[in-house]
Amino acid sequence: MARVLSGLKPTGPVTLGNYLGALRYWVEDQHRDDSFFAVVDLHALTVEHDPADLRALTLEQARCLLAAGLDPDVCTLFIQSHVHEHSELNWLLECTTSFGELRRMTQFKDKSGDQEFVSTGLFTYPVLMAADILIYDADRVPVGDDQRQHLELCRDIALRFNGRYGDVFVVPEASVPTVGARVKDLQEPTMKMSASSASLAGTVLLLDPPADIERKIKRAVTDTESEVRYDPGAKPGVSNLLTILGAATSRTPEDVASGYTQYGSLKADTAAAVVELLLPVQERYRELTGDPAGTAALLEKGAAKARVVASATLARAKDAVGLLAPG
Ligand code: TRP
């Protein structure tokens with residue numbers, strides 16, 4: 001069975017884009033592969049943040065993953081910081097990564113531009129991500145397009161480490177869904193839907209009440225034509241609605257387009273489909289919030305399962321680089 005690992009950063013509430021572009025695939029993956037999913041809270045420390053918000057968002061995100069259908073009896077779901085081995089492997093990998101490699105990361109260049117204080121953590125973030133992956137001997141890492149370069153770096157680090165110290169790590173493959181839904185912002189449909197946009201008017205949240213979902217989708221930007229056609233280049237707004245409705249009803253956007261002649265009915269049906277899709281997830285979320293001890297127990301069980309694998313890989317890596325074992 002292939003080992004799969006992916007992570008979601010708790011820097012904001014979970015969006016419809018996270019759900020349609022990643023979570024629903026994870027829910028399928030867990031039944032096919034030996035899957036590990038992490039709420040990567042350590043990665044949220046790389047930029048300025050509020051400690052109380054981070055704690056709340058981490059728990060909210062974990063509950064969203066459970067509510068979306070990740071089953072702790074089937075996959076391994078955990079909070080990254082509960083498995084301290086990630087941080088320890090991170091150091092070994094930092095010493096196997098060059099400054100020049102990190103300097104070439106385009107996401108660092110983009111993100112450091114907006115920060116007044118650029119932490120070294122933001123710079124070395126891709127190394128921690130490599131530790132997250134390599135510590136579980138992951139064969140496959142489902143990620144969005146924006147993480148492709150980080151995955152390439154992870155492979156380079158693994159190959160270099162293995163070349164220097166022997167065969168310690170599995171060299172993972174990225175798996176970027178080619179047919180998956182890339183959901184865009186409803187107000188700025190050339191940008192990815194994100195919870196960190198300045199305004200959330202174009203971002204549907206997994207936990208948005210139905211009235212908010214309907215309002216956001218009905219106010220989505222379209223264009224001055226009136227033809228319903230899937231053409232992301234020329235008609236990004238309409239194409240985004242078709243993508244969302246298609247993903248929510250398991251059809252291709254082209255297929256969906258053939259059933260519409262008006263933007264109004266496309267929007268109404270998209271809103272209704274999203275409300276219906278999210279309803280059971282929101283219901284399960286509410287059940288989980290009613291049982292805090294139960295959620296904590298599930299996360300502890302996940303961390304314990306993760307630690308078994310992580311501690312074995314870390315021990316192998318420490319031995320390989322020549323750290324003297326205690327005792
Ligand atoms: N860097 C990823 C992102 O920003 C999150 C992440 C951290 C991740 N560790 C990971 C993704 C390991 C996949 C595997 O989306």
Side-chain angles (χ1 to χ4, degrees), residues 6-30 35 37-41 43-44 53-72 75 77-79 142-144 146 177 180-187 189 191-220 240-241 243-250 267 270-292 294-295 298-299 302:
S6 199
L8 198 59
K9 218 168 29 171
T11 42
V14 178
T15 69
L16 177 67
N18 295 137
Y19 182 74
L20 292 178
L23 299 190
R24 65 184 179 129
Y25 297 113
W26 296 6
V27 171
E28 289 171 17
D29 283 341
Q30 70 180 340
S35 304
F37 299 111
V39 176
V40 289
D41 53 349
H43 286 269
D53 285 351
L54 174 60
R55 208 171 282 119
L57 279 169
T58 302
L59 183 58
E60 178 180 309
Q61 201 167 86
R63 283 189 177 132
C64 282
L65 296 179
L66 290 164
L70 290 184
D71 179 345
C75 68
L77 172 65
F78 62 100
I79 310 287
V143 282
D146 59 339
R182 300 207 185 121
V183 178
K184 307 289 189 184
D185 188 281
L186 296 168
Q187 291 299 318
M191 315 263 287
K192 179 171 148 178
M193 181 179 279
S194 160
S196 42
S197 305
S199 142
L200 288 182
T203 304
V204 173
L205 303 178
L206 194 75
L207 301 177
D208 266 346
D212 291 10
I213 297 175
E214 277 157 14
R215 191 188 59 228
K216 287 175 180 179
I217 292 179
K218 286 187 180 155
R219 291 187 189 162
N240 190 34
L241 292 169
T243 297
I244 294 170
L245 180 52
T249 55
S250 308
K267 285 181 172 178
T270 304
V274 171
V275 167
E276 192 182 310
L277 180 74
L278 297 185
L279 212 63
V281 178
Q282 297 185 348
E283 183 55 41
R284 279 196 296 270
Y285 184 89
R286 273 192 292 274
E287 285 166 23
L288 289 161
T289 52
D291 180 17
T295 307
L298 292 178
L299 294 174

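Numbering starts at 1 and runs along the sequence shown.
- Taken to the nearest 0.5 Å, the CD atom of Glu287 stands 10.5 Å off from the OG1 atom of Thr295.
- The salt bridge (Lys or Arg N to Asp or Glu O under 4.0 Å) analysis of residues 195-213, with sequence neighbours excluded, yields the pairs Asp208-Lys216, Asp212-Arg215.
- Counting only heavy atoms from C-beta outward, the side chains of Asp185 and Ser197 approach each other to under 4.5 Å.
- Shown here for Leu200 and Ala195, the closest heavy-atom pair between the two residues is CD2-O, 3.6 Å.
- Contact between Gln30 and Cys75 at its shortest, heavy atoms only, is OE1-SG, 3.5 Å.
- Closest non-hydrogen pair, Gly17 versus Val183, comes out as CA-CB, 3.8 Å.
- Within the 4.5 Å cutoff, the side chain of Leu241 has heavy atoms near those of the Leu186 side chain.
- Taking the ring pair (Phe, Tyr, Trp, His ring centres under 6.0 Å) definition, one finds that Phe37 meets it with Trp26, sequence neighbours left out.
- Looking only at side-chain heavy atoms (C-beta outward), Leu8 and Val39 stay at 4.5 Å or farther from each other.
- Residues Arg284 and Leu66 have side chains not in contact (no heavy-atom distance under 4.5 Å, counting atoms from C-beta outward).
- Contact check for Leu206 versus Pro13: no side-chain heavy atoms found under the 4.5 Å cut-off.
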### Task
Determine, step by step, whether Leu20 and Met193 satisfy the side-chain contact (heavy atoms from CB on, under 4.5 Å) criterion, reporting the C-alpha distance in whole Å, the side-chain angles of both residues, the deciding distance to 0.1 Å, and the verdict.
CA-CA 11 Å; Leu20 292 178; Met193 181 179 279; over 6 Å; no
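- When every heavy atom of Ile213 is checked against every heavy atom of Ala271, the shortest pair comes out as CG2-O, 4.3 Å.
- Taking every heavy atom of both residues into account, Pro10 and Val40 meet most closely at CD-O, 3.4 Å.
- Donor-acceptor pairing under 3.5 Å is lacking for the side chains of Thr243 and Asn240.
- At least one donor-acceptor pair under 3.5 Å links the side chain of Gln61 to the backbone N or O of Lys9.
- The CG atom of Leu288 lies 9.5 Å from the CG atom of Leu59; values are rounded to the nearest 0.5 Å.
- Residues Ser194 and Thr15 share a closest heavy-atom pair of C-CG2, 4.2 Å.
- A heavy-atom distance below 4.5 Å is found between the side chains of Thr249 and Leu245.
- How far CG of Asp41 is from OG1 of Thr58: 5.0 Å, rounded to the nearest 0.5 Å.
- Between the CG atom in Asp291 and the CG atom in Leu298 there is a gap of 8.0 Å [rounded to 0.5 Å].
- Under the 3.5 Å distance criterion, the side-chain polar atoms of Lys184 are left unmatched by any main-chain donor or acceptor of Pro189.
- In this structure, the side chains of Ile244 and Val204 stay at 4.5 Å or more apart for every pair of heavy atoms.
- Taking 4.5 Å as the limit, some side-chain heavy atom of Arg219 sits within range of a side-chain heavy atom of Gln187.
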Extract all donor-acceptor atom pairs below 3.5 Å that involve side chains of residues 273-280 and protein atoms in other chains or at least two apart in sequence.
none

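- For the pair Arg286 and Glu283, the salt-bridge criterion is met [side-chain N within less than 4.0 Å of a carboxylate O].
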